[in-house]
**Student:** 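Please see the structure below; I have some questions.
Just so it is clear, the structure is predicted and the values come from calculations on it, not from any experiment.
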Amino acid sequence: MMTVFLLVKATSSGPGLFCQQRVGRDGQLFPCLKFRTMVPDAQQQLERLLAESEEARLEWERDQKLRYDPRITAIGGFLRRTSLDELPQLFNVLIGHMSIVGPRPIVQGEIVRYGPRFAAYCTVRPGLTGLWQVSGRNDVSYARRVRLDSFYARRQSLALNVSICFQTVPAILSSRGCY
């Protein structure tokens, strides 16, 4: 982990880690850790881009993500494709904010997109991996992501968790839906 941290620091200005409040079990907020993959002023750049580009704004509204995000650093693109940017979330797992398997941790602004399915989301801890990650990641619509998270929360079991863990390695290696 230290090597990745040093690579982030050496290749761009700003901190090596990114910490953002995410929604966890029972709707409680927690500080979710990641290696920083974007430029330090990413939020300001996003606001400018969305104000200037209708295409980017529509994509952001639909997916909460941009396929060709100009804010991502060179090392950040590699970290995202390999999922190495999420290694610091192991600390979130150790602290008890997250689990190995579960829905992706969401930000407060995404709660509305879950609608009535948010109650199911709140019954489990967010995970490092989950159905969304092994089902195509960003190639899956946001609405499908919500359905997958809800399904997992309602049907979680040891067998489902083991299946997701085994599917995670090929999903990471293929980089399908990573951006």
**Student:** Could you check whether any side-chain heavy atom of D139 comes within less than 4.5 Å of a side-chain heavy atom of R67, counting everything from C-beta outward?
**Tutor:**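 A side-chain contact exists here, since the closest heavy-atom pair is under 4.5 Å.
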
**Student:** Show the numbers, then the answer: is there a side-chain contact (heavy atoms from CB on, under 4.5 Å) between I72 and R80?
**Tutor:** CA-CA 9 Å; I72 298 174; R80 285 176 173 221; 3.4 Å; yes

**Student:** So, taking the atom named CG in L6 and the one named NZ in K9, what distance separates them when rounded to the nearest 0.5 Å?
**Tutor:**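 L6 atom CG to K9 atom NZ measures 9.5 Å (nearest 0.5 Å).
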
**Student:** Closest approach of T73 and V39, non-hydrogen atoms and distance?
**Tutor:**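 Heavy atoms of T73 and V39 come nearest at CG2-N, 3.9 Å.
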
**Student:** Nearest 0.5 Å, please: how far is OG in S53 from CH2 in W60?
**Tutor:**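 With rounding to 0.5 Å, CH2 (W60) is 13.0 Å from OG (S53).
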
**Student:** Do R147 and F151 make a side-chain contact, defined as non-hydrogen atoms from C-beta onward lying under 4.5 Å apart?
**Tutor:**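 A side-chain contact is absent here, since even the closest heavy-atom pair is not under 4.5 Å.
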
**Student:** Does a sphere of radius 6.0 Å around CD in Q108 hold more than 12 heavy atoms from other residues, nucleotides or ligands, not counting ones at 6.0 Å or beyond?
**Tutor:**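 Open.
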
**Student:** Hydrophobic clusters here meaning ILVMFWY residues chained together by side-chain heavy-atom distances under 4.5 Å, can you tell me if V93 and L17 are in one?
**Tutor:**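 Yes, V93 and L17 fall within the same hydrophobic cluster.
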
**Student:** Using the rule given for side-chain hydrogen bond (donor to acceptor under 3.5 Å, both in side chains), can you reason through S83 versus R137, listing the C-alpha separation, both sets of side-chain angles and the distance that settles it, and then say yes or no?
**Tutor:** CA-CA 11 Å; S83 296; R137 294 189 192 182; 2.9 Å; yes

**Student:** Does one hydrophobic cluster hold both L158 and F166, with members joined at side-chain heavy-atom distances below 4.5 Å?
**Tutor:**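 Yes: a chain of side-chain contacts under 4.5 Å links L158 to F166.
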
**Student:** Taking the side chain as everything from C-beta on, heavy atoms only, tell me whether L66 gets closer than 4.5 Å to L49.
**Tutor:**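 Heavy-atom side-chain distance check passes, below 4.5 Å.
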
**Student:** Do Y152 and N161 make a side-chain contact, defined as non-hydrogen atoms from C-beta onward lying under 4.5 Å apart?
**Tutor:**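 In contact.
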
**Student:** State, to 0.1 Å, how close S13 and P40 come at their nearest heavy-atom pair, and which atoms those are.
**Tutor:**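 Result for this residue pair: O-CG, 3.1 Å.
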
**Student:** With a 4.5 Å cut-off on side-chain heavy-atom distances among I, L, V, M, F, W and Y, is there a chain of contacts connecting V23 to I95?
**Tutor:**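 Different hydrophobic clusters.
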
**Student:** If the test is side chain to side chain contact (heavy atoms under 4.5 Å, CB included), which one of V169, T168, I172 qualifies with V134?
**Tutor:**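 With V134 as partner, side chain to side chain contact (heavy atoms under 4.5 Å, CB included) holds for just one option, T168.
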
**Student:** Transitively linked via ILVMFWY side-chain contacts under 4.5 Å: F78 with L173?
**Tutor:**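 Each belongs to a different hydrophobic cluster.
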
**Student:** Supply the atom-to-atom distance Q45 CD to L50 CG, rounded to the nearest 0.5 angstrom.
**Tutor:**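 Answer rounded to 0.5 Å: 11.5 Å.
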
**Student:** How long is the straight-line distance from CG of L7 back to CD1 of I75, given to the nearest 0.5 Å?
**Tutor:**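 These two atoms lie 4.5 Å from each other.
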
**Student:** How far does CD1 of I164 sit from CD of Q133, to the nearest 0.5 angstrom?
**Tutor:**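 I164 atom CD1 to Q133 atom CD measures 8.5 Å (nearest 0.5 Å).
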
**Student:** Please identify each residue that fulfils side-chain hydrogen bond (donor to acceptor under 3.5 Å, both in side chains) with R57, with sequence neighbours left out.
**Tutor:**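 For R57 the side-chain hydrogen bond (donor to acceptor under 3.5 Å, both in side chains) partners, ignoring immediate neighbours, are E61.
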
**Student:** Which pair of heavy atoms, one from P15 and one from V8, lies closest together, and at what distance?
**Tutor:**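 Heavy atoms of P15 and V8 come nearest at O-CG1, 4.1 Å.
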
**Student:** So which pairs with a foot in residues 86-102 pass side-chain hydrogen bond (donor to acceptor under 3.5 Å, both in side chains), sequence neighbours left out?
**Tutor:**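 Residue pairs with at least one partner in residues 86-102: E86-R104.
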
**Student:** Is there a continuous path of hydrophobic side-chain contacts, each under 4.5 Å between heavy atoms, that joins V107 to F18?
**Tutor:**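 No, it is not one cluster - the side chains of V107 and F18 are not joined through contacts under 4.5 Å.
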
**Student:** How about M98 and C32: do any of their side-chain heavy atoms sit closer than 4.5 Å?
**Tutor:**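 Sidechains of C32 and M98: in contact.
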
**Student:** Please examine the side chains of L128 and V101, heavy atoms only from C-beta on, and report whether any two atoms are closer than 4.5 Å.
**Tutor:**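 SC-SC contact between V101 and L128 ruled out.
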
**Student:** Does Y142 have more than 12 heavy atoms from other residues, nucleotides or ligands lying within 6.0 Å of its OH?
**Tutor:**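 More than 12 heavy atoms, drawn from other residues, nucleotides or ligands, come within 6.0 Å of this atom.
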
**Student:** Per the salt bridge (Lys or Arg N to Asp or Glu O under 4.0 Å) rule, what does the pair list look like for residues 108-124, sequence neighbours excluded?
**Tutor:**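 Counting only pairs at least two positions apart or across chains, the salt bridge (Lys or Arg N to Asp or Glu O under 4.0 Å) contacts touching residues 108-124 are E110-R145.
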
**Student:** Could you tell me if the side chain of W132 sits less than 4.5 Å from the side chain of R144, heavy atoms only?
**Tutor:**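 Side-chain contact under 4.5 Å: no.
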
**Student:** Just wondering, do R25 and V124 contact through their side chains at under 4.5 Å, heavy atoms?
**Tutor:**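 Side chain of V124 against side chain of R25, heavy atoms only: no contact under 4.5 Å found.
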
**Student:** CZ/R125 to CG/D26 distance, rounded to the nearest 0.5 angstrom?
**Tutor:**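 If I round to the nearest 0.5 Å, the distance is 8.5 Å.
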
**Student:** Using the side-chain hydrogen bond (donor to acceptor under 3.5 Å, both in side chains) criterion, which residues pair with Q167? Sequence neighbours excluded.
**Tutor:**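 side-chain hydrogen bond (donor to acceptor under 3.5 Å, both in side chains) list for Q167, sorted by chain: S163.
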
**Student:** Excluding sequence neighbours, so at least two apart, what forms ring-ring contact (aromatic ring centres under 6.0 Å, His included) with Y121?
**Tutor:**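 Partners of Y121 by the ring-ring contact (aromatic ring centres under 6.0 Å, His included) criterion, ordered by chain and then number, come out as Y114, F118.
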
**Student:** Please find the pair of heavy atoms, one from P105 and one from G127, that lie closest to each other, and give the distance.
**Tutor:**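 Looking at all heavy atoms of both residues, the shortest contact is CD-O, 4.0 Å.
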
**Student:** Are the charged groups of R71 and D69 less than 4.0 angstrom apart, N to O?
**Tutor:**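 Answer for the salt bridge query: yes.
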
**Student:** Please name all residues satisfying side-chain hydrogen bond (donor to acceptor under 3.5 Å, both in side chains) with S12, sequence neighbours left out, ordered by chain then number.
**Tutor:**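 If we apply the side-chain hydrogen bond (donor to acceptor under 3.5 Å, both in side chains) test to S12, skipping adjacent residues, the hits are R36.
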
**Student:** Please report the closest heavy-atom contact between V140 and S135, naming both atoms and the distance.
**Tutor:**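 The answer is CG2-O, 3.0 Å.
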
